[in-house]
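Quick notes on the structure that follows.
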Amino acid sequence: MLEEVERWLTRRSWSSGDRPLNRLTDARDADPHRTSVSVVLPALNEEATVGTIVATIRRELMEKVRLVDELVVIDSGSTDATAAVARAAGARVVHRDAILPRIPALPGKGEVLWRSLLVTSGEIVCFVDADLRDFSADFVSGTVGPLLTDPGVQFVKAMYDRPLGDAAGQGGRVTELVARPLLNLHWPQLAGFVQPLGGEYAVRRSLLERLPFPVGYGVELGLLVDALHTVGLDALGQVDVGVRLHRHQDGQALGRMAAAIYRTAQLRLSRGHLVRPALTQFERGEDGFVPRTHAVDTEERPPMREIAEYAERWAA
């Protein structure tokens with residue numbers, strides 16, 4: 001590990017308990033215009049978990065204390081009761097297709113995160129995945145904390161254990177097999193991030209609006225790499241929030257995720273095009289193995305500040 005990264009680990013890695021809630025609310029109240037907080041949950045068919053997450057954030061961080069200013073669920077086309085459950089639990093729910101309708105929406109998590117900047121107003125934006133189980137408000141307060149208390153910090157990711165079934169630490173298979181090798185080999189300054197692909201992180205809006213967003217699974221890697229190049233390693237940090245439990249993907253879904261992440265890295269290394277932006281996988285059918293070919297996400301949305309509607313909103 002680079003000496004620079006070893007020093008960074010001692011200065012920019014924290015535990016959620018390092019900043020008690022009263023310290024965070026005091027910091028927020030001291031300058032509420034610069035420290036307003038928006039929490040965004042991207043959601044697709046998450047009726048089983050989204051309500052508990054929303055209710056916890058609302059109760060712990062909006063009612064008991066005033067740390068979060070707005071809580072928004074972006075529904076990316078759910079066919080279940082995700083929207084109704086989230087709304088009943090106290091979130092504002094916005095459908096992905098209702099945001100920036102002049103640009104047809106593409107499928108993918110990154111697309112939803114990018115569009116969320118147009119319907120939120122916080123100077124700090126905290127993203128939380130909507131499939132978490134045994135959710136703790138520390139996922140929000142922990143990642144937001146350094147941004148409230150240290151003006152030099154601009155991007156904070158959560159770190160945690162990721163069990164796979166009964167096996168501790170065996171989750172995050174795409175992280176260990178794809179993302180971590182890519183980062184260590186090509187962006188060694190980022191080798192200290194425990195969960196580089198984690199979906200829980202908080203970022204200053206002034207940075208987010210300057211970054212391009214891969215529309216699909218590559219969004220977390222893309223944002224992290226581009227943030228490094230934009231503001232430098234010392235502006236990035238991570239906070240230990242304990243354990244993350246969520247729904248695990250099957251092997252083929254992980255393969256598609258891995259391909260999208262590799263493509264995101266490849267684009268940043270060469271700024272070129274993939275020769276064949278597709279991934280063929282195999283499923284056993286009645287007559288043997290059947291090939292299934294999936295497109296690899298190749299679209300990226302431009303920095304939000306280049307979008308006229310966003311510029312007009314923030315100039316008003």
Margin query: Could you measure the distance from the CD1 atom of I124 to the CG atom of L207? Nearest 0.5 Å is fine.
Written below: 12.0 Å
Next item on the list: Indicate yes or no for a side-chain donor-acceptor contact from S76 to the backbone of A43 under 3.5 Å, with no hydrogens or angles considered.
Entry: yes
Next item on the list: Could you tell me whether the side chain of R115 and the main chain of I99 form a donor-acceptor pair under 3.5 Å?
Entry: yes
Note to self: Would L61 and L21 count as a side-chain contact (heavy atoms from CB on, under 4.5 Å) here? Give the steps.
What the structure shows: CA-CA 9 Å; L61 303 179; L21 274 178; 3.9 Å; yes
Notebook entry, point to check: When you look at CZ of R92, are more than 12 heavy atoms from neighbouring residues, nucleotides or ligands closer to it than 6.0 Å?
Noted result: yes
Check: Between V112, V219, V128, D75, which is the residue that forms a side chain to side chain contact (heavy atoms under 4.5 Å, CB included) with P42?
Finding: V112
Margin query: Would you say N22 and T25 are linked by a side-chain donor-acceptor pair, where the criterion is simply a distance under 3.5 Å?
Written below: no
Next item on the list: Flag the pair F193 / W8 as yes when their ring centroid distance falls below 6.0 Å, and as no otherwise.
Entry: yes
Check: Looking only at atom types and distance, does a side-chain atom of D80 sit under 3.5 Å from a main-chain N or O of E47, one as donor and one as acceptor?
Finding: yes
Note to self: Assess, by modelled atom type and distance only, whether the side chains of S121 and E70 contain a donor and an acceptor separated by less than 3.5 Å.
What the structure shows: yes
Check: Are Q238 and S13 linked by a side-chain donor-acceptor pair shorter than 3.5 Å?
Finding: yes
Check: Does the side chain of R305 reach to within under 4.5 Å of the side chain of W314, using non-hydrogen atoms?
Finding: no
Next item on the list: Please round to the nearest 0.5 Å and tell me the distance separating atom CG of L41 and atom CD1 of I57.
Entry: 5.5 Å
Notebook entry, point to check: Is the closest basic N to carboxylate O distance between E300 and R268 below 4.0 Å?
Noted result: yes
Item checked: M159-V174 co-clustered via ILVMFWY side chain contacts under 4.5 Å -> no
Check: Does the pair E309/R102 count as a salt bridge with the N-to-O cut at 4.0 Å?
Finding: yes
Check: Mind checking whether R244 and D161 have side chains closer than 4.5 Å, heavy atoms only?
Finding: no
Next item on the list: Any chance you could measure R180, atom CZ, to L190, atom CG, to the nearest 0.5 Å?
Entry: 11.5 Å
Notebook entry, point to check: Side chain of D18, backbone of S15: donor and acceptor closer than 3.5 Å?
Noted result: yes
Margin query: The test is side-chain contact (heavy atoms from CB on, under 4.5 Å); show your working for D150 and R12 and say whether it passes.
Written below: CA-CA 11 Å; D150 188 336; R12 292 299 192 226; 3.1 Å; yes
Notebook entry, point to check: Is there a side-chain contact (heavy atoms from CB on, under 4.5 Å) between L208 and W114 once you walk through the steps?
Noted result: CA-CA 9 Å; L208 277 178; W114 181 72; over 6 Å; no
Check: Does R96 pair with E111 as a salt bridge, N-O distance under 4.0 Å?
Finding: no
Check: Do any N or O atoms from the side chain of S36 and from the backbone of G122 form a donor-acceptor pair under 3.5 angstrom?
Finding: no
Check: Nearest 0.5 Å, what's the CG-CG distance between D131 and N45?
Finding: 11.5 Å
Next item on the list: Using a strict cut-off of less than 4.0 Å between a Lys/Arg side-chain nitrogen and an Asp/Glu carboxylate oxygen, indicate whether D129 and K109 qualify as a salt bridge.
Entry: yes
Checklist line | Ion pair check, R28 and D31, cut-off under 4.0 Å | finding: no
Note to self: Would a single hydrophobic cluster contain both V5 and V194, if residues Ile, Leu, Val, Met, Phe, Trp and Tyr are joined by side-chain heavy-atom contacts under 4.5 Å?
What the structure shows: no
Next item on the list: Measure the shortest side-chain to side-chain distance between V72 and I74 over non-hydrogen atoms and say whether it is less than 4.5 angstrom.
Entry: yes
Notebook entry, point to check: How about D226 and P212: do any of their side-chain heavy atoms sit closer than 4.5 Å?
Noted result: yes
Margin query: Is it true that T149 and R19 share a donor-acceptor pair across their side chains at a distance under 3.5 Å?
Written below: yes
Notebook entry, point to check: If we only count heavy atoms from C-beta on, is the Q189 to L228 side-chain gap below 4.5 Å?
Noted result: yes
Item checked: D234 and R11 ion-paired at < 4.0 Å -> yes
Item checked: No-hydrogen, no-angle side-chain donor-acceptor test under 3.5 Å, Y160 and Q195 -> no
Checklist line | 4.5 Å side-chain heavy-atom contact, L148 and L67 | finding: yes
Check: Between the side chain of R313 and the main-chain N/O of L118, is any donor-acceptor distance below 3.5 Å?
Finding: yes
Next item on the list: For T82 and E46, indicate whether the former's side chain and the latter's backbone hold a donor-acceptor pair under 3.5 Å.
Entry: yes
Note to self: Measuring from atom CD of E176 to atom CG of L197, what distance do you get when rounded to the nearest 0.5 angstrom?
What the structure shows: 9.5 Å
Next item on the list: Could you tell me whether the side chain of L147 reaches within less than 4.5 Å of the side chain of R204, counting heavy atoms only?
Entry: yes
Notebook entry, point to check: Out of curiosity, N184 CG to L2 CG, how far, rounded to the nearest 0.5 Å?
Noted result: 9.0 Å
Notebook entry, point to check: So which heavy atom on T56 is nearest to which on A137, and how close?
Noted result: CG2-N, 4.1 Å
Note to self: With heavy-atom distances below 4.5 Å as the criterion, would you say the side chains of Y201 and V156 are in contact?
What the structure shows: no
Notebook entry, point to check: Could you go step by step and tell me if F213 and L117 meet the side-chain contact (heavy atoms from CB on, under 4.5 Å) rule?
Noted result: CA-CA 11 Å; F213 277 62; L117 297 182; 4.2 Å; yes
Note to self: If we count only N and O atoms by modelled type, under 3.5 Å, do the side chains of T120 and R205 hold a donor and an acceptor together?
What the structure shows: yes
Note to self: Between R59 and E63, does any side-chain N to carboxylate O distance fall below 4.0 Å?
What the structure shows: no
